[in-house]
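Basis for what follows: all heavy atoms, side chains included, without hydrogens, waters or symmetry-related copies.
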Amino acid sequence: MSSIAGDVRSGHELDIARLEAYLAKAMPGFALPLSLKQFSVGQSNPTYLVSDSRGQKYVLRKKPGGQLLSKTAHAVEREFRVLQALGQNTQVPVPRVYALCEDSSVVGTPFYLMEFLEGRILPDVRLPEINASERCQYWMALVDALALLHKVDYRQVGLEGFGRDGGYYERQVQSLARISEAQAAAIGVGGKLPRIDRLRQWFAGHECPDETTVVHGDFKMDNVVWHPTETRVVGILDWELSTLGNPRSDLANMLQPLLVSFDKDNHGIAVFSGLKNAPLGEGAPSEAMLLGRYCHAMGREYPPLPGWEYAKVFGLFRNAVIQQGIAARVAKGQASSSFAHLVGKMFPGTMDMAMNIIDGLDLDSVRRSKL
């Protein structure tokens with residue numbers, strides 16, 4: 001994985017002696033002593049590069065320390081379970097997992113160890129490092145990897161009970177609204193999601209076709225590892241939010257960059273790194289092209305994809321809550337990423353995008369009623 005790993009940041013240190021003692025028992029082939037670095041990515045769960053004395057590399061994912069705002073977030077145990085099930089029973093590209101430690105006395109919180117994948121991570125959805133003529137192929141390959149996941153029969157791979165069958169969106173809207181209230185209180189002034197009451201009212205009056213598959217929960221371009229030279233996904237990362245749910249949620253999250261403009265803050269730092277009006281955005285496929293590819297891979301008719309607008313609104317709402325959660329962790333001193341303070345400022349703009357879709361749909365409805 002090509003994400004940068006550097007020195008362990010202050011407040012994120014681990015007890016090396018206890019970790020070595022655990023690995024000596026859990027992984028007999030692990031050659032001590034170990035060396036430890038921390039990845040710059042990982043907005044939610046601190047993520048480390050662990051190397052043994054032979055140079056073999058592993059990735060350690062742990063829960064953040066301190067009192068957590070959500071009982072369901074940071075679930076490294078669930079990450080381990082879904083990675084193990086998919087890795088042992090399917091062709092979905094995932095890193096191999098080696099050990100799950102639920103004993104908080106080792107490094108302060110539960111954690112697991114997984115394979116370090118050699119390859120590329122593409123953090124910018126504009127794909128500036130890829131020739132413009134090839135960028136569409138990367139998006140198509142990303143769609144294919146997602147369809148491969150959604151075609152998995154969760155009952156056959158041991159993931160029955162990993163989530164509820166049906167009613168995903170209704171439960172998620174209620175749950176995210178509760179989480180958002182707690183996060184807003186932690187942030188203080190300016191912490192509430194703009195127009196959230198109107199958003200909840202809109203959700204209550206609309207619905208999406210109910211389907212259930214394994215969903216990743218945060219499927220997107222920079223959460224996969226690409227083959228070093230080929231247009232092929234070799235590993236899907238960051239399964240913390242995975243569950244059983246409506247597959248449209250993953251699809252909407254993946255295609256969200258098509259809705260988002262490329263904007264910078266006053267310091268020239270990309271705040272919204274989307275494809276809409278983006279420099280170097282040539283070669284990006286259209287939404288219809290990617291939806292068609294996905295539906296074809298899933299064996300379903302297109303167009304249309306029923307419930308797609310609902311899925312897009314929900315995806316923006318959900319990401320706004322995630323960004324708000326990062327802002328709350330910044331306020332509480334629990335943020336694990338070196339650029340968390342920037343991401344935490346994004347939630348008002350993300351909510352604006354969700355409400356713009358709703359306002360547009362409402363306007364279309366009024367126009368049709370006058371015909």
Side-chain angles (χ1 to χ4, degrees), residues 1-20 22-23 27 30-66 74 76 79 95-99 101 106-129 218 220-226 228 234-240 264-265 267-271 273 322-323 325-327 329-346:
M1 292 178 282
S2 59
S3 288
I4 298 174
D7 293 338
V8 176
R9 295 189 291 276
S10 177
H12 294 261
E13 298 87 354
L14 305 183
D15 188 322
I16 299 297
R18 285 181 177 271
L19 180 57
E20 287 184 332
Y22 170 80
L23 292 177
M27 297 177 60
F30 192 95
L32 301 176
L34 66 79
S35 63
L36 191 70
K37 293 184 178 297
Q38 186 172 10
F39 287 104
S40 59
V41 296
Q43 291 292 347
S44 182
N45 290 329
T47 306
Y48 302 82
L49 176 64
V50 179
S51 302
D52 71 8
S53 62
R54 298 192 188 98
Q56 183 67 41
K57 297 178 180 179
Y58 305 87
V59 175
L60 185 152
R61 294 262 293 173
K62 69 180 291 291
K63 292 186 179 184
H74 319 289
V76 296
E79 283 192 44
R96 179 182 176 186
V97 290
Y98 298 103
C101 178
V106 178
V107 298
T109 69
F111 71 93
Y112 72 92
L113 210 67
M114 69 178 177
E115 175 186 13
F116 176 87
L117 295 173
E118 296 290 348
R120 299 168 293 158
I121 291 180
L122 305 176
D124 189 336
V125 292
R126 298 174 300 161
L127 305 182
E129 58 274 86
D218 194 19
K220 54 182 180 174
M221 182 66 75
D222 64 350
N223 268 343
V224 303
V225 181
W226 294 90
V234 297
I236 304 172
L237 307 177
D238 199 2
W239 292 80
E240 174 200 346
K264 295 182 178 181
D265 65 11
H267 303 287
I269 299 173
V271 178
S273 184
I322 292 172
Q323 293 158 359
I326 293 168
R329 288 196 292 278
V330 170
K332 292 172 68 66
Q334 295 178 328
S336 61
S337 169
S338 57
F339 48 89
H341 64 290
L342 295 174
V343 179
K345 296 178 180 180
M346 295 170 64

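With sequence neighbours left out, Tyr112 forms a side chain to side chain donor-acceptor pair (under 3.5 Å) with Glu79. Legend: residues meeting side-chain contact (heavy atoms from CB on, under 4.5 Å) with Val107, ordered by chain and number and at least two apart, are Leu14, Leu19, Lys62, Phe111. Applying the ring pair (Phe, Tyr, Trp, His ring centres under 6.0 Å) criterion to Tyr98, with sequence neighbours excluded, gives Tyr58. By the salt bridge (Lys or Arg N to Asp or Glu O under 4.0 Å) test, Asp52 is found to be paired with no residue, residues two or more places apart in sequence or in another chain being considered. Scanning for salt bridge (Lys or Arg N to Asp or Glu O under 4.0 Å) contacts around Arg18 gives Asp15, with sequence neighbours left out. For the side-chain contact (heavy atoms from CB on, under 4.5 Å) test, residues two or more places apart in sequence or in another chain that qualify with Ser35 are Ser51.
The closest side-chain heavy-atom distance from Asp238 to Arg61 is below 4.5 Å. At least one side-chain heavy atom of Pro95 sits under 4.5 Å from a side-chain heavy atom of Leu237. Under the 4.5 Å side-chain criterion, counting only non-hydrogen atoms from C-beta, Lys57 is not in contact with Val50. Looking at Leu122 and Glu129, their side chains come closer than 4.5 Å, going by heavy atoms from C-beta outward.
Of the possible polar contacts, one joining the Ser53 side chain to the Ala31 backbone as a donor-acceptor pair under 3.5 Å is found. Under the 3.5 Å distance criterion, the side-chain polar atoms of Gln56 are left unmatched by any main-chain donor or acceptor of Phe30.
Across all their heavy atoms, Val106 and Cys101 have their closest contact at CG2-SG, 3.7 Å. Closest heavy-atom contact between Glu20 and Leu34: OE2-N, 3.0 Å. The minimum heavy-atom distance between Pro123 and Asp222, with the atom names listed, is CA-CB, 3.8 Å. Nearest heavy atom pair, residue Val76 against residue Pro110, reads CG2-O, 3.8 Å. Residues Pro46 and Pro64 share a closest heavy-atom pair of CD-N, 3.7 Å. Here the shortest heavy-atom pairing between Gly119 and Val225 reads CA-CG1, 3.8 Å.
The CD1 atom of Ile121 sits 7.5 Å away from the CZ atom of Phe39 when rounded to the nearest 0.5 Å. Atom CG of Asp7 sits about 10.5 Å away from atom CD of Glu13, to the nearest 0.5 Å. Of the inter-residue distances, the one linking Asn45 atom CG with Tyr48 atom OH reads 10.5 Å to the nearest 0.5 angstrom. Between the NE2 atom in His12 and the CD atom in Gln38 there is a gap of 5.5 Å [rounded to 0.5 Å]. Between the CG atom of Leu36 and the CD1 atom of Ile16 there is a distance of 4.5 Å, given to the nearest 0.5 Å. Put simply, CG on Asn223 and CD on Glu240 are 10.5 Å apart, with the number rounded to the nearest 0.5 Å.
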